[in-house]
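The structure appears below as structure tokens.
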Number of protein chains: 2
Amino acid sequence: MKTKGKATSFDIAHFAGVSQSTVSRALRNSPLVNEETRRKVWEIAKKLNYKVDKNASNLRTQQSATLAILLFEDPTGDESQINPFFLNMLGSITRACAKEGYDLLVSFQSISQDWRAEYEDSHRADGIILLGYGDYMDYQSRLQNLLAQDTKFVCWGAKVEGRPDLTVSCDNYGGGELAAQHFISTGKKQCVFIGDASEHSPEFLMRFKGFKDTLEQQSISLSERNIANAISTEESGYHATHSLLANNVKFDSLFAASDLIAIGAIKALKEAGLRIPEDVSVIGFDNIAAANYITPSLSTVQQNTTLAGQMLVSNLLALIKGEQITETLLPPKLIIRQSTS
Amino acid sequence: MKTKGKATSFDIAHFAGVSQSTVSRALRNSPLVNEETRRKVWEIAKKLNYKVDKNASNLRTQQSATLAILLFEDPTGDESQINPFFLNMLGSITRACAKEGYDLLVSFQSISQDWRAEYEDSHRADGIILLGYGDYMDYQSRLQNLLAQDTKFVCWGAKVEGRPDLTVSCDNYGGGELAAQHFISTGKKQCVFIGDASEHSPEFLMRFKGFKDTLEQQSISLSERNIANAISTEESGYHATHSLLANNVKFDSLFAASDLIAIGAIKALKEAGLRIPEDVSVIGFDNIAAANYITPSLSTVQQNTTLAGQMLVSNLLALIKGEQITETLLPPKLIIRQSTS
DNA sequence: ATGAAGTTTGACACCGGTGTCATAATGTCG
DNA sequence: CGACATTATGACACCGGTGTCAAACTTCAT
């Protein structure tokens with residue numbers, strides 16, 4: 001019992017002595033087929049190592065049981081390295097998809113280049129997950145475009161006023177509050193923030209706002225001098241901290257918009273002979289693996305990537321099914337380690 | 001100029017006043033179509049936001065411009081965390097695919113569960129990349145099966161005698177040599193190895209062999225007592241090292257089969273009051289991000305994941321094109337940091 | 001004007017499934 | 001035993017492209 005090339009449902013039909021229609025039904029366990037016929041078909045299918053041709057199936061049914069993920073590169077990041085936080089997200093999304101029986105198409109996206117949102121247009125995926133920090137948010141018109149074409153998609157990241165997308169994100173504002181509260185409760189008075197506190201990085205801005213508002217409730221002000229701009233890399237955090245020190249800004253606590261920034265900051269602080277946490281307490285954001293390994297280990301606001309991946313997938317699936325969904329805010333959690341003990 | 005639902009080539013044909021065949025040719029820039037016709041068709045296609053339906057196209061041409069990656073879970077690994085080394089590989093493979101104009105389907109694979117090599121069978125991907133440490137290698141029969149079906153695939157990892165697959169891997173044996181040479185040149189005499197030195201983990205076994213052979217050339221023997229079994233996790237490395245110490249094994253240098261193991265080992269050594277590198281030099285394998293962040297920073301044998309990803313992809317594409325390819329061994333590189341200075 | 005060669009196009013089968021409808025086979029009941 | 005519901009199956013159109021082949025139209029040489 002052999003076939004030339006891959007086995008098709010016609011091959012099975014031939015060997016089973018039934019029509020191809022019946023084979024198709026039998027394989028999908030339609031109640032319309034006789035029990036014995038079904039068994040025979042399955043048996044032959046197994047013997048021929050038959051697998052449904054997804055292209056044909058998808059073409060007919062007009063759906064793909066596949067989601068696509070567009071991973072936006074950090075515009076400045078090292079070519080070869082991906083932000084570990086997003087790599088984690090990628091992992092948890094992959095798992096979440098698998099659990100739902102969906103496949104995942106992965107694609108990198110340089111900010112500059114034309115979006116390949118064609119995925120959904122070209123019927124390769126039923127929906128799209130957009131993943132990346134900050135800058136890609138500029139692409140409002142693209143999102144409008146996706147929306148106009150009735151493309152199903154969800155974004156990871158802070159909700160931006162006026163942007164039409166549905167987002168899943170960590171409660172960045174709440175994360176900033178947690179950091180501030182921790183500094184306050186440990187008696188810190190002079191705080192600095194490192195990160196991009198502008199609309200270019202909505203997530204960072206929210207973290208900053210939560211941090212600042214909470215401090216101000218305790219009459220601790222955060223002046224312009226106490227804010228250093230940085231993108232999410234170690235180098236950037238290092239330089240930002242360096243320039244704070246060079247400008248003679250006094251501080252006993254430092255909140256970085258991401259762990260990578262915090263790691264760079266710690267390096268700069270150490271080089272300046274400052275002790276952590278005695279002289280300066282440091283809190284990061286993300287809880288990437290490295291946070292636990294550096295010395296001193298880094299206190300940080302944890303984003304639950306596992307849950308985030310699940311929510312992104314389940315929200316997207318709900319959207320595809322035509323259900324109404326709303327923003328999802330995931331609760332952050334402060335992990336206290338040596339850098340603030 | 002509108003269409004109900006997504007635009008098809010028939011819609012374009014209608015608006016352009018030509019046949020659908022001509023549209024198809026024009027869009028693929030066939031030299032058979034008149035220049036002016038081509039322009040008109042492209043213009044309308046753009047206006048209608050037309051995208052080729054990949055399902056239909058793939059069905060007809062019987063190829064998908066897609067590769068699939070099967071990521072095998074560490075059998076014992078934490079559910080939510082993926083081995084960072086493989087996450088890196090995933091990143092570089094994704095990039096390599098993008099560069100070649102291929103899409104990437106990602107799938108996790110629990111060892112226990114049935115392989116979904118169906119990917120290629122079901123025409124969703126033109127080829128498969130298998131990625132994972134050790135144990136999945138048991139699945140010889142599966143590989144035979146893939147081969148029998150003429151499925152195109154490449155594996156990451158050590159070549160195993162008798163296994164029919166084509167592999168790309170780091171020169172694990174050479175990596176072991178590098179570690180041994182470094183210990184020898186810094187005057188170490190009593191070495192231990194931590195990792196699974198059995199056929200279950202071909203990569204680890206090769207690392208071990210390179211290490212052992214090189215030491216023996218210098219009349220340094222590696223007895224059974226100096227080998228501790230461990231899988232690639234921090235905990236396992238910690239416990240293995242712990243039991244070496246508990247058994248009163250004396251050593252001045254430790255080679256771990258992976259960075260995660262080495263990180264666990266360092267923790268155990270520190271707890272035992274041993275100084276690194278003064279009392280014990282430590283070398284890991286992989287050069288994951290954390291290696292640079294722990295204290296002391298970890299000397300390690302680096303695997304070039306960027307190159308590895310590219311080679312996996314280019315080898316697979318060559319295979320798909322029907323070219324003959326051979327094993328690829330990538331040169332490892334010793335990164336010296338504080339743990340052996 | 002006529003035939004050969006080159007250029008451009010349309011008609012149509014085909015890829016491998018899914019869904020609809022008609023038909024055949026079997027069973028039920030008055 | 002005939003009318004009718006029930007169950008199981010086959011025939012066929014269809015999804016949206018691609019590739020083949022024949023036909024229509026030019027162009028140019030004879």
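We name chains A, B, ... by the order of the sequence lines, and we start the count at 1 in each one.
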I need the [atom1]-[atom2] distance between [X] and [N], as an integer number of Å.
X       : N      : atom1 : atom2 : answer
B:Gln63 : D:dG17 : CD    : P     : 17 Å
B:Asn58 : D:dT18 : CG    : P     : 10 Å
A:Leu27 : C:dG19 : CG    : P     : 13 Å
A:Asp53 : D:dG17 : CG    : C1'   : 14 Å
A:His14 : D:dG10 : NE2   : P     : 14 Å
A:Ile12 : C:dG16 : CD1   : C1'   : 12 Å
A:Arg38 : D:dT7  : CZ    : P     : 14 Å
A:Arg39 : D:dA8  : CZ    : P     : 14 Å

Any [X] side-chain N or O less than 4.0 Å from OP1/OP2 of [N]:
X       : N      : value
B:Ser19 : C:dT9  : no
B:Gln62 : C:dG16 : yes
B:Arg25 : D:dG17 : no
A:Arg28 : C:dT18 : yes
A:Thr22 : D:dG10 : yes
B:Thr37 : C:dT9  : yes
A:Ser9  : C:dG17 : yes

B:Arg38 and B:Asn29: which non-hydrogen atoms are nearest, and at how many Å?
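For B:Arg38 and B:Asn29, the tightest heavy-atom pair comes out as NH1-CA, 3.4 Å.
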
CD1 on A:Ile44 to NE2 on A:His14, rounded to 0.5 Å:
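Answer for the NE2-CD1 pair, A:His14 versus A:Ile44, is 10.0 Å.
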
Verdict with supporting geometry, B:Arg25 and B:Val41, side chain to side chain contact (heavy atoms under 4.5 Å, CB included)
CA-CA 10 Å; B:Arg25 276 190 290 256; B:Val41 167; over 6 Å; no

Closer than 4.0 angstrom, basic N to acidic O: yes or no for A:Asp103 and B:Arg124?
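Between B:Arg124 and A:Asp103 there is a salt bridge, with a charged N closer than 4.0 Å to a carboxylate O.
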
Picking from [options], which would you name as closest to the side chain of [X]?
X       : options                : value
B:Ser24 : D:dT18, D:dA11, C:dG17 : D:dT18
B:Leu32 : D:dC12, C:dT9, D:dT9   : C:dT9
B:Val18 : D:dG17, C:dG10, C:dG19 : C:dG10
A:Gln20 : D:dT9, D:dG17, C:dG17  : C:dG17
A:Arg60 : D:dG17, D:dA13, C:dT9  : D:dA13

When you match B:Val33 and B:Leu59 each to their closest nucleotide on DNA chain C, which lands nearer the 5' end?
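On the 5' side of the pair lies B:Val33.
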
State whether the number of non-hydrogen atoms from other residues, nucleotides or ligands found under 6.0 Å of B:Glu323 atom CD is greater than 12.
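Yes - once you tally the heavy atoms of other residues, nucleotides and ligands closer than 6.0 Å, there are more than 12.
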
Please confirm whether any donor atom in the side chain of A:Ser21 sits under 3.5 Å from an acceptor in the base of D:dC12, or the reverse.
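Looking at the base of D:dC12, it does pair with a donor or acceptor on the side chain of A:Ser21 (distance under 3.5 Å).
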
Validation row: A:Thr8, A:Asp53 side chains within 4.5 angstrom (heavy atoms):
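A side-chain contact under 4.5 Å is absent here.
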
